[in-house]
Amino acid sequence: MKRLRRPSRLPIDPYILLLLGTVGLAALLPARGTAADVVSGASTAAIAFLFFLYGARLSTREALDGLKHWRLHLTVLACTFVVFPLFGLAARGLVPVVLTHSLWQGLLFLTLVPSTIQSSIAFTSIARGNVPAAICAGSFSSLAGIVVTPLLAASLLGGSAGGLSADSLLKIVLQLLVPFLAGQVLRRWIGGFVTRHKKVLGHVDRGSILLVVYAAFSEGMVRGIWHQVSPARLAGLLAVEAVLLAVMLALTWYGAKALGFGRADRITVQFAGSKKSLAAGLPMASVLFGAQASLAVLPLMLFHQMQLMVCAVIARRRSHDPVTEDGNGGGVDGGDGPVGRADGAGGPAAAGGSRTGTGTVPRSR
């Protein structure tokens, strides 16, 4: 009789547990008065620092070199900033039967957020897809999201996200774009430091996001926003997000096949085109929504955990696909781009020679 083995790791992202703990802390001990002012100021500084780090980490040269694989990147960008938002707008028909108006706004914001970098690369690697293309696809999405996400949110969400007023645009520029550009400009001098201390800065990165979450949910508790959400509404939100994720996973996989991409590229399109970045979305929501940010980020937090669990299963199943020479196997790209195996080896990398060999499921981003 075989003994049951315990799973090697929790099915739930540990960082999600930290986020939930932060939400619980904000519910029990929300910041008020002077403490709220201090937390708000610290949160604003944390958001600016986050986007500074994003700029310092992102290699513009690799992103520009990746233009060689432009069809794949345009496909991922279209999925991220066109197809996803269309589904978000269509979900308006679920109000008020399934979703409240506030939850729908959070769901719509979720569809506007850029794709991930780290987890897209990791899942593509596990599934033996085009890893260099995944690096570029995530980089392009992050670069575009700095500008596109706030503008789409301001246009589609109207007053809830500040609208297209001069004040809201100035807020976006000062808190998001300027720090990001500063990081890009200083990258040539601090890039080595950021790379060498990647682990430590990663903890700072995550800690900053926890502070942003605490500030948003704390303000929501003080204003009584959470009384608008019932367990039934949360269940409805989870069901809608499960359908959204399933549709996007199917659409990216079969849509990429219809566009003539080989298996390796289809894997990249699926994982980069169906995912949303928690790390980019949380600080953006804090800037755009203010007191309403707690409800705005709830759908994103739930979707993030869901996508990690589902994509981990898909990536492991794809890793067992047989390898052939016609692009229908694991390591050979049958599309219009370079070879991208799980170990990052192959022909000239679409990311300017980048290599990656991660084989573990990502914990955040």
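- Here the side chains of Arg233 and Leu99 are not in contact, with every heavy-atom distance at 4.5 Å or above.
- Without hydrogens or angle criteria, Arg187 side chain to Ala182 main chain gives no donor-acceptor distance under 3.5 Å.
- Residues Val97 and Val240 share a single hydrophobic cluster, defined by chaining ILVMFWY side chains whose heavy atoms lie under 4.5 Å apart.
- Ser141 places no side-chain N or O within donor-acceptor distance of the main-chain N or O of Gly138, the cut-off being under 3.5 Å.
- Looking only at side-chain heavy atoms (C-beta outward), Leu108 and Arg92 stay at 4.5 Å or farther from each other.
- Minimum heavy-atom separation, Tyr214 to Ala26: CE1-CA, 3.6 Å.
- Between the CG atom in Leu282 and the CD1 atom in Ile209 there is a gap of 6.0 Å [rounded to 0.5 Å].
- Partners of Ala137 under the side-chain contact (heavy atoms from CB on, under 4.5 Å) rule, at least two apart in sequence or in another chain, are Leu72, His73, Val76, Ala272.
- Going from atom CG of Asn130 over to atom CZ of Phe271 covers 13.5 Å, rounded to the nearest 0.5 Å.
- In this structure, the side chain of Thr22 does not engage the main chain of Val213 through any donor-acceptor pair within 3.5 Å.
- Between the His197 side chain and the Phe193 main chain, a donor and an acceptor come within less than 3.5 Å of each other.
- Applying the side-chain contact (heavy atoms from CB on, under 4.5 Å) test between Phe84 and each of Leu244, Leu89, Leu251 identifies Leu244 as the sole match.
- Contact of the Ser286 side chain with the Ser43 side chain is registered, since non-hydrogen atoms from C-beta on lie closer than 4.5 Å.
- In this structure the side chain of Phe87 reaches within 4.5 angstrom of the side chain of Val83, judged on heavy atoms.
- Annotation: side chain of Leu157 is in contact with side chain of Phe109 (closest heavy-atom distance under 4.5 Å).
- The backbone N or O of Pro96 sits nowhere less than 3.5 Å from a side-chain atom of Thr100 that would complete a donor-acceptor pair.
- The only member of Leu151, Leu152, Val148, Thr80 that meets side-chain contact (heavy atoms from CB on, under 4.5 Å) when paired with Leu112 is Leu152.
- In this structure, CD on Gln270 lies 9.0 Å from OG1 on Thr124, to the nearest 0.5 angstrom.
- The ring pair (Phe, Tyr, Trp, His ring centres under 6.0 Å) search around Phe49 returns none, not counting sequence neighbours.
- Under the 4.5 Å side-chain contact rule for hydrophobic residues, Phe289 and Leu211 do not share a cluster.
- The closest side-chain heavy-atom distance from Ser120 to Ser115 is below 4.5 Å.
- Residues Ser139 and Ser142 bring no donor and acceptor atom of their side chains to less than 3.5 Å of each other.
- Atom CG of Leu94 is separated from atom CG of Leu237 by 10.5 Å, given to the nearest 0.5 angstrom.
- Taking the side chain to side chain donor-acceptor pair (under 3.5 Å) definition, one finds that Ser102 meets it with Gln228, sequence neighbours left out.
- Here the OG1-CZ distance, from Thr195 to Arg57, works out to 9.5 Å after rounding to the nearest 0.5 Å.
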Inset, instruction - Evaluate salt bridge (Lys or Arg N to Asp or Glu O under 4.0 Å) for Asp321 paired with Arg263, printing each intermediate quantity in order. - result: CA-CA 10 Å; Asp321 289 347; Arg263 177 191 177 276; 3.2 Å; yes

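- Residues satisfying the ring pair (Phe, Tyr, Trp, His ring centres under 6.0 Å) test with Phe51, not counting sequence neighbours, are Tyr54.
- Atom OG1 in Thr116 sits 3.5 Å away from atom NZ in Lys275 (nearest 0.5 Å).
- Annotation: side chain of Met284 is not in contact with side chain of Val113 (no heavy-atom distance under 4.5 Å).
- With hydrogens and angles ignored, the 3.5 Å screen pairs no side-chain donor or acceptor of Arg266 with any backbone N or O of Phe261.
- By the 6.0 Å and 45° rule, Lys276 does not stack over the aromatic ring of Phe303.
- Considering only residues two or more places apart in sequence or on other chains, Trp104 meets the ring pair (Phe, Tyr, Trp, His ring centres under 6.0 Å) condition with His101.
- Under the 4.5 angstrom side-chain criterion for Ile, Leu, Val, Met, Phe, Trp and Tyr, the cluster partners of Leu86 are Val82.
- The minimum heavy-atom distance between Met248 and Gly273, with the atom names listed, is CE-O, 3.6 Å.
- Using a 4.5 Å cut-off on side-chain heavy atoms (C-beta onward), Leu177 and Leu181 make contact.
- Closest approach of Ser274 and Leu249 over heavy atoms only: OG-CD2, 3.3 Å.
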